[in-house]
Student: 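The structure is given below, and queries will be raised subsequently.
A note on names: the letters A, B, ... follow the listed sequences, proteins ahead of strands, and every chain is numbered from 1.
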Protein chains: 2
Amino acid sequence: MNLAALFAIFKQAKNTQAMNVFLVDDHAILLDGIKSMLAYEGSVEVIGEANSAEKALDFIKYHSVDLLITDFNLPGMDGLALVRVVKKISPNTKIIVLSQHDETHLVKEILKEGVAGYVLKNDSHKELLQAIEAVKNGKIYLSNDINRILIHSMQFPDEERLLTDREREILKLIAQEKSNKEIGETLFISERTVETHRKNIFRKTKTSSLVGLIKFAYANNLI
Amino acid sequence: MNLAALFAIFKQAKNTQAMNVFLVDDHAILLDGIKSMLAYEGSVEVIGEANSAEKALDFIKYHSVDLLITDFNLPGMDGLALVRVVKKISPNTKIIVLSQHDETHLVKEILKEGVAGYVLKNDSHKELLQAIEAVKNGKIYLSNDINRILIHSMQFPDEERLLTDREREILKLIAQEKSNKEIGETLFISERTVETHRKNIFRKTKTSSLVGLIKFAYANNLI
DNA sequence: CAATAAATACCCACTAGTACGGATTTACAA
DNA sequence: TTGTAAATCCGTACTAGTGGGTATTTATTG
């Protein structure tokens, strides 16, 4: 009998009402690490994993999942889109988002979708375990850093909506290598209007070069 | 007595010649995951961890480390720089690089420094364990994907040196929001020369807009 | 109702960069 | 030695974008 088997017995012994968990992350190492970490916990059982949102949906469509732990950045369909679909097709599935991102805008965006937890990859594993525990008890769990960010955004509400929706839309098109003219044609507005938006975007993001703007777009996950 | 304690006893029992390991990654969750994963392995003992290259060096300066497992992307000093310093101050320390990057150029760059292993974060944890096992036996371990990349680069040697050193240097400066004039002043060359390089960079990278170029720079870790 | 924010649109002057072009020196490999 | 690659440099014409304005309409909010 090996250690893993021995371990399984112990786990089962203290396992009263285990919650089934499905993991999504494109980094297999991280996935394995979390699985390994959860193996110590009798309260959860990992029933599956996927390295993309699409594969995760394939599973969730046909299986009942209590808890979904997903990365934000995924190849193809991203974490936000996954959350939206899961909330629709399986409303009882709780979701914990595991992300690198601590930008106010992104955090708020995904919290609006009604996720049960948000933990940063920079946080220790204890935060994740606490989040799982909280979710089991029907609570919402945000890691310390996220709480701090949200409080900050309440204290300085002007920072959060830096760019308007339209400006954001235009910035995305700029990042798609479109010229002002093309953007105007795409959005059915005059090139002059695009220029004005562009000026405002530069002013608001405190950048003066296109390069700086693209960096901003990267930092804010607009690319 | 809890499970962890019980586990420690088993570990010690089968522990013959454990290798001490130091981990470096800026994502605490990943760090915790790997630690948890290695806890099953009697052959290695994690003696420390750090979330930055600088902190890792502080430790390595005063302690003997058999194996260093480090991320490539780190805040501040990056993995490549860390490897170089460690190879200098502690030549007997073996190094396994754990990275998201599979760009030929980056992989070759770090392999040149004489690391003992290179595993992608996309690989499963088995690859990492195999790498550790190989390193213990004095071998060099490259994960499957990395091997494939290296073989590909041998088959298509023209792809790897897409940009010359000078062009790379100039691209970095472009990405730092410098104008052609400023770049010329920085490198003590004429603005015209910078223009020529710029043209060549655009041609070689098959991009036509600055935005596309910045994206290329991101993809190739030049930013 | 007044004030504000967002989206729309235009003018003018200016500059940085683009797109052609061509050219020289150095170094290294066939 | 001949050829190639890399790095250096220049001219001219053109365009896209920058920076400075101003102004209108619509919607929201105090």
Side-chain angles (χ1 to χ4, degrees), chain A residues 104-105 108-109 153-154 156-217 220 222, chain B residues 104-105 108-109 153-154 156-217 220 222:
Chain A
T104 310
H105 183 263
K108 288 202 162 186
E109 197 79 27
S153 89
M154 280 182 258
F156 306 97
D158 43 318
E159 283 183 20
E160 70 188 270
R161 273 204 75 71
L162 185 60
L163 298 183
T164 66
D165 289 344
R166 196 53 154 178
E167 285 161 356
R168 214 166 263 280
E169 202 175 358
I170 284 168
L171 177 49
K172 276 186 193 170
L173 291 168
I174 292 173
Q176 279 162 37
E177 302 179 47
K178 294 203 193 300
S179 67
N180 286 348
K181 197 177 170 182
E182 287 171 322
I183 295 171
E185 282 161 7
T186 307
L187 301 178
F188 304 107
I189 56 176
S190 121
E191 199 182 330
R192 299 318 177 97
T193 308
V194 180
E195 277 173 23
T196 305
H197 283 305
R198 198 175 179 124
K199 270 186 283 191
N200 291 332
I201 294 169
F202 273 118
R203 185 176 41 76
K204 286 182 175 182
T205 59
K206 292 190 181 67
T207 52
S208 55
S209 74
L210 189 50
V211 178
L213 195 63
I214 300 307
K215 286 182 181 176
F216 174 89
N220 287 273
L222 294 168
Chain B
T104 310
H105 184 263
K108 289 203 163 184
E109 195 79 26
S153 89
M154 280 181 258
F156 306 96
D158 44 320
E159 280 183 23
E160 70 187 270
R161 275 203 74 70
L162 184 61
L163 297 183
T164 66
D165 288 343
R166 196 54 155 176
E167 285 161 354
R168 214 166 262 280
E169 202 175 358
I170 284 166
L171 177 49
K172 277 186 193 171
L173 290 169
I174 292 174
Q176 280 163 34
E177 301 178 47
K178 294 205 193 298
S179 67
N180 286 348
K181 196 176 169 185
E182 287 172 321
I183 295 172
E185 282 161 7
T186 307
L187 302 177
F188 303 107
I189 55 176
S190 117
E191 200 181 329
R192 299 314 183 99
T193 307
V194 180
E195 277 174 23
T196 304
H197 283 306
R198 199 175 179 125
K199 269 187 286 190
N200 291 333
I201 293 169
F202 272 118
R203 186 177 40 75
K204 286 183 175 180
T205 59
K206 291 190 182 65
T207 51
S208 55
S209 73
L210 189 51
V211 178
L213 195 63
I214 300 305
K215 286 182 178 176
F216 173 89
N220 288 273
L222 294 168

Student: Between Ile174(B) (CD1) and dT18(C) (C1'), how many Å, whole number?
Tutor: 13 Å

Student: Are side-chain heavy atoms of Leu187(A) and Ile170(A) found at a separation under 4.5 Å?
Tutor: yes

Student: How many angstroms lie between CZ in Arg198(A) and CG in Leu173(A), if you round to the nearest 0.5 Å?
Tutor: 11.0 Å

Student: Please determine if a side-chain N or O atom of Ser190(A) lies less than 4.0 Å away from the OP1 or OP2 oxygen of dC10(C).
Tutor: yes

Student: If I take atom CZ in residue Phe202(B) and atom C1' in nucleotide dC20(C), what distance separates them, rounded to the nearest angstrom?
Tutor: 16 Å

Student: What is the distance, rounded to the nearest whole Å, between atom CD1 of Ile170(A) and atom P of dA7(C)?
Tutor: 8 Å

Student: Would you check if Leu163(A) and Phe216(A) make a side-chain contact, meaning some heavy-atom pair closer than 4.5 Å?
Tutor: yes

Student: Could you give the CD-to-P distance, from Glu167(B) to dA7(D), as a whole number of Å?
Tutor: 6 Å

Student: Whole angstrom is fine here: how far is it from CD in Glu182(B) over to P in dA16(C)?
Tutor: 10 Å

Student: What's the separation between atom NZ in Lys204(B) and atom CD1 in Ile201(B), rounded to the nearest 0.5 Å?
Tutor: 8.5 Å

Student: Mind calculating the distance between CD (Glu191(A)) and P (dC10(C)) to the nearest angstrom?
Tutor: 10 Å

Student: Please give, in whole Å, the distance from dC10(C) P to Asn180(A) CG?
Tutor: 14 Å

Student: Arg166(B) side chain N/O closer than 4.0 Å to the phosphate oxygens (OP1, OP2) of dT8(D)?
Tutor: yes

Student: With respect to the phosphate group of dA7(D), does any side-chain polar atom (N or O) of Thr193(B) fall under 4.0 Å of OP1 or OP2?
Tutor: no

Student: Could you grab the distance from atom CG of Leu210(B) to atom CZ of Phe202(B), nearest 0.5 Å is fine?
Tutor: 5.5 Å

Student: Are Lys181(A) and Thr186(A) side-chain neighbours, meaning at least one heavy-atom pair lies under 4.5 Å?
Tutor: no

Student: Where the side chain of Arg192(B) is concerned, which of dA7(D), dG17(C), dT12(D) is the nearest nucleotide?
Tutor: dT12(D)

Student: Scan residues 194-201 of chain B against DNA chain D and write down, sorted by residue number, each residue with any heavy atom closer than 4.0 Å; if none is found, say none.
Tutor: Thr196(B), His197(B)

Student: Expressed in angstrom and rounded to an integer, what is the separation of Ile183(B) atom CD1 from dA7(D) atom C1'?
Tutor: 15 Å

Student: Side chains of Glu167(A) and Thr205(A), heavy atoms from C-beta outward: is any pair under 4.5 Å?
Tutor: no

